[in-house]
Structure formats: C-alpha cells, structure tokens
Amino acid sequence: MLRSFIIFSLFLHSCVAAPQTPTAAAAVPAKKWLTLNGQEPGVVARGGFSGLFPESSASANAFAISTSSPGLTMLCNLQMTKDGVGICLPDIRLDNSTTISTLFPKAQKTYKVNGQDLKGWFALDYSADTIFSNVSLVQNIFSRPSIFNGQMPISAVEDVLGTKPPKFWLSVQYDSFYVEHKLSAAEYLKTLRFRGITFISSPEIAFLKSIGMDAGMSKTKLIFEFKDPEAIEPTTNKKYSEFLLDLAAIKAFASGVLVPKDYIWPLDSANYLKPASTFVADAHKAGLEVYASGFANDLRTSFNYSYDPSAEYLQFVDNGQFSVDGFITDFPPTASQAISCLSHQQGNLPKANHALVITHNGASGDYPGCTDLAYQKAVDDGADVIDCSVQMSKDGIAFCHDSADLTTSTTAMTTFMSRATSVPEIQPTNGIFSFDLTWAEIQSLKPQILSPFLTKGGFQRNPANKNAGKFITLVDFLEFSKEKAVTGVLINIEANNFTDDALFCLQNAAYLASKKGLGIVDTVQSAITKSTLDKQLTQKVLIQSDDSSVLSSFAAVPPYTRVLTIDKEIGDAPKPSIDEIKKHAEAVNLKRSSLVTTSKNFATGKTNVVEEMHKGNVSVYVSVLRNEYLSIAFDYFSDPTVEIATFIAGNSVDGVVTEFPVTATRYLRSPCSDLNKEQPYAILPVEAGALLSVAAKEAQPPASAPNPPLDARDVIDPPLPPIANIVSANASGEAPGHSGTIATTADLGLSLVAILVLGLLFAAE
C-alpha cells in the first residue's frame with residue numbers, strides 16, 4: 001500500500017500543475033460570467049476522477065483535486081450499510097462497481113426501489129466492517145481502464161471529507177428507500193454535523209425539507225435534482241417535468257437545481273442540438289443556481305461538438321446567452337480547462353506557441369475531406385497550413401483528394417463499379433482509381449465523409465453533411481489559399497505504396513509516370529509557379545512526400561519546405577539517418593507512435609526522436625490527430641486537447657497534423673498553453689508511463705518490443721522513372737490497357753463484392 005501511495009504521488013507530481021499563488025492568479029484578467037452570481041462556473045467531480053479510476057476511490061479523489069482547478073467540488077453518491085455507515089458508491093446496487101458478486105455469489109436480492117423491482121447486491125444487507133474488509137472497487141464503465149479493478153477499497157463519506165477537498169457535495173438519491181428499511185440519511189448527516197459539506201442534492205423533496213434547518217445553520221446549499229421529465233418525484237407523485245412550470249416554488253426548500261444536460265440543450269432525433277431551452281434563464285430569474293449533469297469525455301454527444309468534450313462545456317458556459325453555475329463531470333480536468341483556459345476566446349487571438357496547425361484533408365472531421373467546405377472550415381477554424389494530397393485524373397487534371405482510390409470517400413461505387421481494377425503497385429485490393437476517370441467523371445461524383453471509427457465503435461462523423469462539398473483542382477486550391485491568406489499550404493505527393501491508419505495517401509508517382517504517362521511532379525511544379533507562390537515569402541509552401549526522389553525534384557526552389565513522411569514506427573533517429581534526411585528535406589512527418597509509444601491504450605514511453613531531429617536542424621510534425629476518444633490514450637484523459645498539449649508542450653513538435661483544426665487552434669490560443677506564464681491553471685503535457693505505474697504490476701499489460709531505429713537506407717529511394725508516352729484514352733472514358741494490372745474475371749468479381757461491402761459501410765453514415 002505504501003509503495004502504491006508513493007508511486008501515485010510521483011504520478012501526480014509528474015503530470016499535474018500546482019495552482020499558482022494568489023498573487024500570480026491576480027495577474028490574469030477576470031472573466032465575466034453569465035452565472036447567477038457572476039462568478040466562474042464550478043466543476044463538480046462525480047466520484048473524483050471517475051473517468052480513469054473506480055468512482056470515489058482514494059486515487060480518483062486525489063487525482064481529481066490535483067488535476068483540476070483550485071475550487072473543485074468533490075461529489076459522493078451516498079449509499080448506506082446495514083449499520084448506518086455512509087459509503088460513496090455510484091449506485092444503490094453494488095455489483096457493477098465492486099467485487100461483491102464474486103465474494104458472495106449467492107447473496108443476490110430483489111428490492112422495490114421507486115416502484116421498480118431491482119435485483120442485485122445492496123449495501124444495506126452488509127455491515128460496514130464486512131464491506132471495508134472484503135470488498136474492493138472496480139470501474140463500472142467497461143470502456144474505461146480496468147487495470148485498477150480490485151485494488152482500491154471503498155471509501156466512507158468520512159474518508160473523503162478527511163482529504164479536505166476544497167468543496168464537498170453529497171448526493172442522496174434514495175432516502176425514501178433507506179427510510180423504508182429503517183435507515184436514515186438525515187440522521188446520518190446529523191452525526192456528521194454537516195461539517196465540511198458544501199452541497200447536498202436529492203431528487204426527493206421531503207428529504208430536502210427535512211434537513212433544511214440544519215443545512216441552513218451550517219450554510220450547506222441544498223440542490224433539488226431533476227430526473228427524467230416523465231419520472232415521478234416520490235414526495236408529491238408529480239412528474240419532474242411539472243416542476244418546470246413553477247421553478248420559484250423550489251426556492252422555498254433549495255438554493256439550486258441539478259438537471260440532466262438535455263434539459264438545457266436538447267437534441268433532435270439525429271443527435272444535433274436544438275435551440276436552447278429557457279431553463280437556465282427561468283431558474284436564474286427564480287434565484288436558483290443551475291448545475292448540469294451527464295458530462296464525460298467518453299460518451300457520445302451531439303455531432304455539433306465534433307467529438308471535442310471541451311466544445312460541449314463551452315456550449316453551456318460561453319454561448320453569449322447564459323451560463324450554468326456548474327458541471328457534474330467524470331473528467332474534471334477537461335471541465336476545468338474549458339472554463340479557465342478555453343472560454344471567452346473572442347476574435348482571432350494570437351497563438352501562445354510557434355507550433356503549426358496543419359490540416360489533414362482540410363477539416364475532414366467535419367466535412368468530406370479535400371472539399372471546398374472542408375478547406376473553408378479549416379480556415380474558419382484558424383488552421384495555419386491547409387493541405388492538398390494531389391491525385392491525377394485520366395485527362396491529366398491535378399486535384400485534391402486523400403486517395404487515388406475513390407471507392408470509400410466518394411459515391412464512385414454506385415456509378416463506376418464496372419471500372420474497378422487491380423493495381424498492385426498502388427494497393428493490394430481492387431479500387432476505382434482517379435487516373436482511370438476523367439475530371440468530368442470525377443466531378444459527377446459526390447464526396448463522402450470518412451469516419452475512421454465507424455466500424456470499430458460506430459462513431460459517425462457529421463452525417464448531416466456526409467456528402468456535402470465539391471472536389472477542387474490543385475489550381476483552385478492554390479488560388480483559395482492565396483485569397484484566404486493562410487500561413488501556408490502543404491502539397492502532398494505520395495510516391496510509394498502507403499496505406500495507414502493515419503494517412504490515406506495512396507498515389508504512386510512512379511506508377512503514374514511509367515504506366516499512365518502522367519507527370520505529377522511536373523504538374524505540381526507548374527501549378528505552383530502559375531500561382532506565384534514560389535516567388536513570395538509571406539506564405540509557406542510545404543512539399544510533402546514519402547519518397548526522397550520526389551522531394552529532391554523540388555530542391556531548386558529555396559522557399560519551399562520539403563517534408564519527408566516516415567510512415568513506419570521508429571524509436572530512434574541515429575545521426576546517419578538524419579544526415580540522409582537533410583539531403584532531401586527540412587522536416588519530417590512522423591506517426592504519433594514514433595514519439596509516444598502505447599500499449600493497450602496506455603502511453604508507455606517517450607522516444608528521443610524529436611530531440612534527435614532538432615539537433616540535426618530537422619523540424620518535426622506529428623500525425624494524424626483525431627478527436628474521437630477511441631484514438632486517444634487513457635493517459636490523455638480521453639481528451640484531444642491534452643494529447644495536443646503533450647505533443648506540443650511535452651515533445652516540442654513543430655506542428656500537429658489534425659482532422660479537427662479548431663481543437664488545436666483553441667488550445668494554442670489559450671493562455672494555459674504557455675507554461676512559462678503565471679496563471680491559476682495550466683494544460684500540462686502527460687508523462688508517458690506514469691498512469692500505468694499506478695496499477696499493480698500483475699495488472700499491467702506486457703511490455704511491447706521497442707520501435708526500431710530509423711535506418712538511413714529507409715530514407716533513400718530510387719529515381720523516379722521517365723514519363724511514358726501513352727496514347728490518350730478515347731472519349732468513352734475507358735482506361736487504356738495495362739498488362740498485369742487487371743485481375744481475372746473471377747478474382748475481380750470477388751474483390752468487387754468486398755469493395756461493395758466497404759462502400760455500403762461508409763454509405764450507412
């Protein structure tokens with residue numbers, strides 16, 4: 001136990017910012033809030049940091065206090081033992097959050113709770129000594145870390161109060177049930193004398209009225225909790241929705257209300273936000289504080305938030321109309337940073353860090369990638385560099401698209417299924433390739449948003465706009481970038497076979513030159529020259545490729561920054577490999593796992609690759625960052641902002657490549673991203689391996705083999721072949737013959753079935 005405490009203390013020290021002194025905090029301009037009292041909204045940690053650790057465990061409580069803003073409120077859901085001891089557990093039944101079912105497998109019982117029969121293991125059937133001596137906690141949400149299960153004891157209310165949290169909130173959900181079984185939460189509170197309790201909430205009016213005098217004497221705020229609108233309040237037998245008609249009546253026995261977040265910002269059937277209700281304004285008019293519940297980084301919410309949990313918090317406190325007075329959340333650091341760091345970012349604030357925000361197919365998390373709408377959204381979101389992965393049509397038009405294969409990111413399957421071919425030089429599966437279609441044919445297609453976690457987790461991206469936008473040519477892309485005066489453009493020319501979870505750039509410059517007679521390098525050079533971007537210094541031009549020969553073709557234009565894509569995972573960058581890179585490029589684009597290694601969704605270690613590259617005067621960009629929590633290690637709190645902070649502030653990268661540029665720019669425009677600035681709160685990078693070390697050794701995943709070092713030979717590529725002289729295809733649009741690339745009829749038929757299934761999966765969005 002002592003060893004665990006020491007390790008945990010080191011973990012907190014390694015990744016948590018201590019609050020600044022009052023003098024330092026005073027230097028930060030005060031923000032104006034539309035809360036009831038004009039004060040900053042409060043952050044209420046439901047069971048501590050229950051998004052990582054079992055709810056109300058000592059680790060959850062300690063970590064919540066250490067990672068959150070200074071005025072954090074700790075919430076305990078009260079349950080009661082047979083002998084009247086109060087314990088902190090998420091539900092009246094113990095089986096989903098403790099090990100009790102394995103210890104007493106035949107002790108399951110059924111009780112009627114609020115008119116419903118509930119079956120399980122209940123605290124009131126066991127003495128406090130039995131529970132504290134035998135039962136331990138488990139994570140009650142299965143998508144969260146399970147390696148802490150069975151290692152942490154249940155906390156009594158007094159245990160949590162003993163840690164002296166800044167504020168304490170006791171949630172009493174089932175007083176009438178306990179009273180029916182000769183237990184009383186009100187009597188239990190009298191034994192505590194209400195000391196240290198800042199808030200008490202309950203969905204039962206009779207309970208709140210019964211403790212009103214004692215609570216008033218101790219200056220404890222009473223909060224009336226609304227349940228589902230159609231649920232019945234047990235004291236009055238009224239639906240909770242009926243209390244909306246007379247909020248002023250609540251003021252007689254409570255100083256505030258707690259409601260599910262949908263009471264304030266309801267959702268439509270498609271999971272988009274409807275107009276806000278008047279609930280907050282009505283409650284404030286009645287003199288009631290408003291607290292909203294149901295916030296967690298790993299729950300699916302409205303598509304309006306683009307899977308960024310900070311955006312959801314800001315919707316409730318920084319919308320220009322109203323602000324709730326606090327949040328109940330499983331991830332208190334995210335709520336803290338939204339309030340203290342990311343709110344009130346009016347106008348185009350300057351960035352606090354030099355790192356570039358580089359798009360991956362524009363704002364492809366919100367619109368189909370490489371479309372006019374994706375690029376416009378990226379500009380609106382403050383991206384520094386917008387990117388174009390160049391593909392070629394059959395008639396030689398260069399355009400922006402993430403892949404030469406159009407099957408998954410367009411509606412090509414419905415129109416040109418018969419044009420599917422096998423091109424082993426490009427990819428192992430059949431596809432409908434851009435170089436086999438004319439530009440007119442490509443323009444007839446609709447774009448289709450890519451949802452990389454649709455199959456794995458059912459995470460769709462912005463289905464209302466799944467086919468929105470238009471494809472644009474390279475020439476139009478360059479003109480757009482000049483018109484919008486973006487900081488820079490990145491032109492991506494992939495030359496080798498490359499299909500990866502991070503990037504879907506399958507274009508093969510060598511294949512196009514030798515088999516299709518299309519010179520993609522010459523086409524790009526010509527387009528940039530005509531745009532005059534090569535003759536000015538105000539906008540950056542980045543040329544990216546995974547092929548050193550492609551990059552060498554642009555060596556004669558000094559203003560260009562050449563970026564070598566290293567698509568393999570590396571753990572080291574020896575000097576010979578860096579020397580070879582410098583012959584062809586000034587920067588590298590690396591996978592996230594080449595900087596921070598992971599195992600079973602835990603960050604396990606940090607490499608020295610960035611430091612080694614910087615010593616060689618090579619800039620480092622990291623890709624691809626996404627907002628969906630499935631792509632984010634537990635160490636980052638399922639929060640894309642913390643992952644960005646770790647790469648920028650913790651690894652000192654020179655740029656992040658992201659499909660959600662607004663998340664990165666919001667972080668960089670925050671004063672909390674400047675760790676040298678005195679402030680009451682900071683968004684700190686995470687130390688890889690620290691969270692994993694808190695778990696018992698036997699529960700930790702096995703160590704993974706280290707990534708191999710980058711070999712200089714991996715950097716060197718053969719020269720590009722000359723452009724073949726191939727007769728143009730006829731007007732029908734049929735592709736010219738190419739020996740060895742068309743599969744047999746039987747094989748092609750089977751592959752088309754696979755393509756069709758894949759296409760239907762994406763179309764299902």
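Only a predicted model underlies this, so the values are computations on that prediction, with no experimental measurement involved.
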Do [X] and [Y] have side-chain heavy atoms sitting under 4.5 Å apart?
X: Ser146; Y: Gln139; value: no
X: Leu590; Y: Ile570; value: yes
X: Tyr667; Y: Ile683; value: yes
X: Val385; Y: Val357; value: no
X: Leu94; Y: Leu89; value: yes
X: Val596; Y: Asn651; value: yes
X: Ser545; Y: Leu564; value: no
X: Val624; Y: Arg626; value: yes

Exercise for the section: Tell me, please, whether Phe316 has Lys261 positioned over its six-membered ring: NZ or CZ under 6.0 Å from the ring centre and within 45 degrees of its axis? Expected result: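 Geometry flag: not set, cation outside 6.0 Å or 45°.
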Handout entry: Trace of the salt bridge (charged side-chain N to carboxylate O under 4.0 Å, His left out) decision for Lys575 with Glu612
Key = CA-CA 8 Å; Lys575 188 175 184 302; Glu612 292 162 339; over 6 Å; no
Exercise for the section: Please collect all side-chain hydrogen bond (donor to acceptor under 3.5 Å, both in side chains) contacts where either partner lies in residues 593-602, sequence neighbours excluded, each pair once. Expected result: Glu569-Ser593, Thr597-Thr604
Does [X] use its side chain to pair, donor to acceptor, with the backbone of [Y] at less than 3.5 Å?
X: Asp384; Y: Thr487; answer: no
X: Tyr375; Y: Asp387; answer: yes
X: Ser155; Y: Ser56; answer: yes
X: Thr646; Y: Val686; answer: yes
X: Ser673; Y: Ser670; answer: yes
X: Gln151; Y: Ile147; answer: yes
X: Ser302; Y: Asn304; answer: yes

Just checking, any donor-acceptor pair under 3.5 angstrom between side chains of [X] and [Y]?
X: Gln544; Y: Asn492; answer: yes
X: Tyr313; Y: Thr329; answer: yes
X: Asn589; Y: Ser623; answer: yes
X: Asn297; Y: Ser638; answer: no

Exercise for the section: Might you work through the side-chain contact (heavy atoms from CB on, under 4.5 Å) test for Thr658 and Thr663, ending with a clear yes or no? Expected result: CA-CA 9 Å; Thr658 174; Thr663 302; 5.9 Å; no
Problem - SG-SG distance Cys76 to Cys88 under 2.5 Å - result: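 Answer is yes: Cys88 pairs with Cys76 in a disulfide.
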Handout entry: Shortest non-hydrogen contact from Ser343 toward Ile339
Key =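 In terms of heavy atoms, the two residues are closest at OG-O, 2.8 Å.
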Exercise for the section: Return the minimal non-hydrogen interatomic distance between Leu450 and Arg461, and the atom names on each side. Expected result: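 Smallest interatomic distance, heavy atoms only, reads O-CD, 3.4 Å.
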Practice task
Take Gln337 and Ser310 through the side chain to side chain donor-acceptor pair (under 3.5 Å) test and state the conclusion after the steps.
Solution key: CA-CA 8 Å; Gln337 74 188 19; Ser310 293; 3.2 Å; yes
Salt bridge check, [Y] against [X]: does any charged N sit closer than 4.0 Å to a carboxylate O?
X: Arg666; Y: Asp381; result: no
X: Glu687; Y: Lys606; result: no
X: Arg144; Y: Asp298; result: yes
X: Lys591; Y: Asp567; result: no

Practice task
Assign the ring pair Phe602 / Phe148 to parallel, tilted or perpendicular, where the plane angle (0 to 90°) is split at 30° and 60°.
Solution key: perpendicular
Problem - Ring geometry between Phe49 and Phe63 (parallel below 30°, tilted from 30 to 60°, perpendicular above 60°) - result: parallel
Handout entry: Pair listing, disulfide bond (SG atoms under 2.5 Å apart) test, anchored in residues 598-685, at least two apart
Key = Cys341-Cys672
Problem - Criterion salt bridge (charged side-chain N to carboxylate O under 4.0 Å, His left out) on Arg592 and Glu643, from CA distance to verdict - result: CA-CA 10 Å; Arg592 295 180 300 168; Glu643 181 181 39; 2.8 Å; yes
Practice task
Can you sort out the partners of Asp95 under side chain to side chain contact (heavy atoms under 4.5 Å, CB included), two or more places apart, ordered by chain and number?
Solution key: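 Arg93, Ser101, Trp121.
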